[in-house]
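Naming: A, B, ... by sequence-line order, numbering from 1 per chain.
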Amino acid sequence: MGKMIRAVVVPRALQAVMVAWTVGTLTFVLTRALPGDMAYRIAAGRYGYDNVDAAAAAAVRQELGLDQPPLLAYASWLWDLLTLNLGRDMVSNEPVWSEVTHQVGHSLVLALVAIAFAVLLGPALGVAAGLRRRGALDHASLALSTALRSVPPFILGIGLILVVAVELRWLPAAGHGGFAHAVLPGLALALGLAAVSSRVTRNAVVAVARSPFFAFARTKGLGEALAFRRHGVRNVAVPVVSYFGVQLIYLIEGVVVVESLFAWPGIGHALVHAIVARNVPMIQGTALVMGLMFVALNAVVDGICWGLDPRRRAS
Amino acid sequence: MLGVSSEALARKDNIIDVVCPWEIGSTDSTRSGHVFRWMSISETLVGVEPDGAMKPLLATAWSVDDSRLVWRFKIREGVTFHNGKPLTADAAAFSLNAARTKPGVLAKSPIAEIAAEGSELVVRLSEPFATLPSLFTHASAQILEAESYDADGNTVKVIGTGPFAITVLQTPQRLAAKAYAGYWGPKPAAEGVTYLAAPRSETRTLMVQSGDADLAFNMDAASLKRLEMTAPVKGFSTPVARTVTLKLNAARPGLDTARGRNAINAAIDRQGIAASILREPKSVANQQFSPMFGDWFLEGLPQFRYDPKFTRAEFKAMGWSEDADGYLAKDGKRLSLVLTTFSDRPELPIIATSIQESLRQAGIEAKVSVNNASAIPAGHHDGSLDMGMLARNYGVVRDPFVVVTEDFRSGGGDWGAMNWGSAELDDLIAKMKLSDGGAEYKALSQRAARIIHDEMPVIPVAWHVQTVAVSKDLANFSIDPFQLTWNLEKVTWAK
Amino acid sequence: MTAIASTDGFGLRLGALLGTPGRRLGFALLAAIVAFAWLVPLLHGGDIASQNLMRTLAAPTAAEPFGTDHLGRSMIVRLAAAVRLSLGLALLSVATAVVPGVAVGILGGWYGGAVDRVFVTIADSVLALPGLLLVLILSAIAPGNFWALYVGISLVMWIEYYRVVRAYTQTIARSPEIQSSRLLGFGMGYCVRRHILPEVLPVVATMGAFGAAGAIMAISALGFVNIGVRPPTAELGLMMTELFPYFDEAPLIMLQPIGVVFLLVLSLNLIAGSDPK
């Protein structure tokens with residue numbers, strides 16, 4: 001356990017700190033880069049334009065330390081971040097923290113649905129293609145994977161809505177409320193993930209199938225399926241799972257666009273909105289949580305790899 | 001496009017599903033009350049007829065005394081809130097007093113006191129204010145039960161008196177409500193209503209096509225035409241009290257004279273915008289206020305001319321010359337302006353892009369900046385705004401007077417004139433405040449509209465037409481031109 | 001699909017530049033797109049912003065071979081400009097990322113020690129923030145500016161090159177050939193030229209093609225959510241959003257930017273090798 005903490009938890013925890021620092025620094029620069037008197041703008045966003053006077057602006061200036069020297073202001077900005085004092089949403093006036101925690105649940109549901117679909121689709125197709133190398137399925141899956149990887153996720157999303165929701169009327173087009181609403185956005189994200197993971201799986205299967213230990217298992221008299229289950233699965237799983245780790249970037253990035261298209265009330269959607277509105281506290285909150293979510297998912301992948309691969313535990 | 005979906009598809013449920021671009025910013029009724037009014041969850045004391053006349057709603061009658069300072073509103077009997085408590089004059093006063101502490105039309109009005117006396121609500125004014133009842137049509141003046149408010153007077157729940165009671169409220173996107181059995185008026189046909197904010201017009205279009213939405217608001221004209229061909233949907237468009245305007249900073253060189261502003265006005269291709277972008281010939285504006293504002297509409301004005309060459313010639317006559325790139329310049333400085341707009345209304349960036357091009361032909365460089373809506377008031381306050389494209393609702397409270405006061409008094413307003421003023425207009429505004437209406441009021445408002453028209457501190461580009469895609473499952477859908485309510489309780493099911 | 005031959009071999013090494021049919025197809029596609037993007041302004045002329053509201057969504061004609069958009073602007077001119085923007089920005093980002101990535105990777109892999117550890121820490125921390133997030137925040141700081149897109153994409157991309165090049169350099173530096181070169185008195189410069197770059201560059205080329213494909217996707221995604229460049233700039237994602245309402249009226253016009261993104265990304269993916277590495 002101690003080893004795992006050193007190998008998995010500590011580096012990821014350091015990354016989490018770096019994410020917080022990067023987001024904090026960038027949003028600090030953002031508040032300084034906004035045109036006009038900053039205190040006035042923040043006050044206007046917070047209290048409504050009709051309600052801004054010198055007193056309100058002065059209160060904001062005091063609260064955010066806007067008249068401090070830049071370095072001191074930067075330090076107090078980071079301190080607020082460290083103490084999770086994210087401030088209030090400039091549009092709704094709700095605390096950012098409560099809004100973001102509400103949104104992150106929606107985004108996690110979407111991410112999990114996408115991963116579930118991708119795990120169901122990609123590796124299964126990859127194993128089938130790899131076991132019959134250069135078969136028809138192998139060729140078809142290569143062509144499909146190459147094509148799918150060349151389509152932006154939002155176009156996949158529109159295509160899915162047109163076919164599944166508009167034509168077939170099997171699922172709702174957009175919105176949220178039940179599991180049915182999560183299927184299409186989840187699938188829009190999953191197709192890209194599955195396109196890549198199917199080829200990674202396929203290549204890993206090909207490598208295993210050519211390996212001496214696999215050949216030995218076959219000559220031992222094990223059938224192909226049994227040999228693969230006994231000797232192949234674990235060896236294929238390690239590269240596939242670690243590849244999912246790499247692909248999480250795709251997932252987090254895809255969430256931004258796909259949520260916006262499907263009116264899904266997650267953090268990606270909120271982030272886009274906050275950026276359009278220059279809603280700095282929300283930009284900071286949503287970007288921070290997305291970055292941390294990415295680190296956390298990566299840590300989970302690390303943990304799974306750790307569990308799957310005895311060699312990592314030994315080294 | 002994929003083939004026409006079967007019209008025979010059964011209706012999914014007896015719920016009216018609405019999809020809109022506008023998010024529910026907050027639970028607070030002074031910020032997002034319009035959504036609760038639209039969805040028939042809350043009601044106001046006074047309502048508005050389609051022709052603009054005021055009608056009783058939660059108040060059955062009202063009167064003003066001879067001093068013109070004390071108004072009495074008789075509160076309707078037999079009305080209950082969604083939590084079962086009865087509507088009383090006390091409850092109404094409590095709700096209005098809470099709203100009055102927040103910025104909004106009530107806070108700006110000369111109301112000195114709101115109190116209950118028996119079954120009457122008594123409003124005392126600090127100065128006469130003839131259009132007071134129209135203030136009580138505004139969404140921020142909706143009546144909510146005391147339990148809706150926290151200790152600071154913020155609304156944290158929405159307990160109204162309307163035909164639908166909220167079951168789910170997830171800001172900023174979703175709201176669901178079911179029919180309220182104790183409603184005082186006729187029972188609605190729908191068992192419930194839902195509201196979803198989907199800012200992307202693609203999403204709204206696809207939701208209508210898939211049957212997930214029964215009503216989709218703010219459809220661009222092209223999508224609406226297409227939906228009518230491919231989905232069991234009817235397009236619904238009605239002129240509303242909104243004008244698409246180009247706000248000018250009258251402190252900028254070139255925009256600082258009425259002649260310059262009128263020259264710029266001549267560079268706007270209204271016919272082209274109406275034909276190709278809005279696809280609604282009725283939207284061509286020839287003045288600030290559309291014909292629905294009878295008192296303010298100037299009869300007999302011709303259409304504006306569209307002639308970029310005239311614009312260029314006018315500026316040259318005012319001492320501008322062409323620089324190397326063919327743009328107008330004076331004292332070595334090019335006539336270059338940033339046109340700020342926002343995408344909440346999908347047509348605005350497109351119109352802005354179109355105006356950018358026709359200004360270029362006239363020798364004026366315009367840089368379009370698609371921003372957040374708040375960029376316009378922010379730019380107004382810090383003086384950084386050159387031009388802003390927006391859609392101004394002159395019918396916030398039935399008569400444009402309140403908005404005109406805000407937008408066109410000397411110095412201008414967030415969404416109106418900027419660095420512009422007219423002593424005569426200020427004087428007219430003061431007189432109208434005391435006027436009782438009728439012919440005198442009309443004469444004053446006509447003169448005010450004429451000043452705004454001649455001086456052109458804000459250029460009217462188009463009269464807004466509200467577009468809604470309506471499922472063919474629905475019948476009797478209507479919205480009032482002042483967009484206070486969508487009358488969902490009157491909607492019935494077709495066949 | 002003709003890309004099958006490239007599926008063989010699991011390692012990162014690739015054959016000659018134009019080795020496989022898939023690659024050849026990729027290069028041909030890319031060359032065609034590049035020719036289109038840079039020849040249109042020479043042969044066709046015209047302006048991305050000039051409108052004709054009386055001729056909107058026009059079908060292709062001899063004068064306007066790709067038709068016109070919803071404001072009557074020339075589609076061929078706008079598409080060519082959009083490709084120049086996306087491809088130019090993507091290639092510029094890749095080039096900016098490759099130089100420091102490779103240089104620092106070789107240094108880190110060769111010397112190891114404290115310098116290496118510093119760079120590994122920086123790389124790990126930058127990589128912890130998904131690239132699109134970085135680009136989004138940067139574009140909030142400078143809305144409508146290209147440099148935000150450019151800086152954001154390059155800043156994330158160099159790490160990949162750095163990591164891979166470092167790993168290669170470490171392995172090669174310990175190999176017998178290098179050991180003997182060093183014993184013979186050859187310096188680092190010689191070893192890098194003679195042994196390391198020939199190994200590393202093909203891998204970097206593959207990654208660069210993937211990187212460019214990713215950058216093009218990212219730029220169009222930003223255009224699609226209305227963050228990034230502003231109208232009237234022709235950008236593929238923005239054009240898709242603008243043209244979507246006219247999908248039924250003029251499906252061919254709407255499909256043009258989608259098709260161009262697809263072909264562009266496909267060509268780069270084919271060049272990189274059809275299988276993800």
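- Within the 4.5 angstrom heavy-atom criterion, no atom of B:Leu339 approaches chain C.
- Here the closest heavy-atom approach between residue C:Phe244 and residue B:Arg226 is recorded as O-NH1, 3.6 Å.
- The contact between B:Ile277 and chain C is made entirely by side chain atoms (from C-beta outward), counting heavy-atom distances below 4.5 Å.
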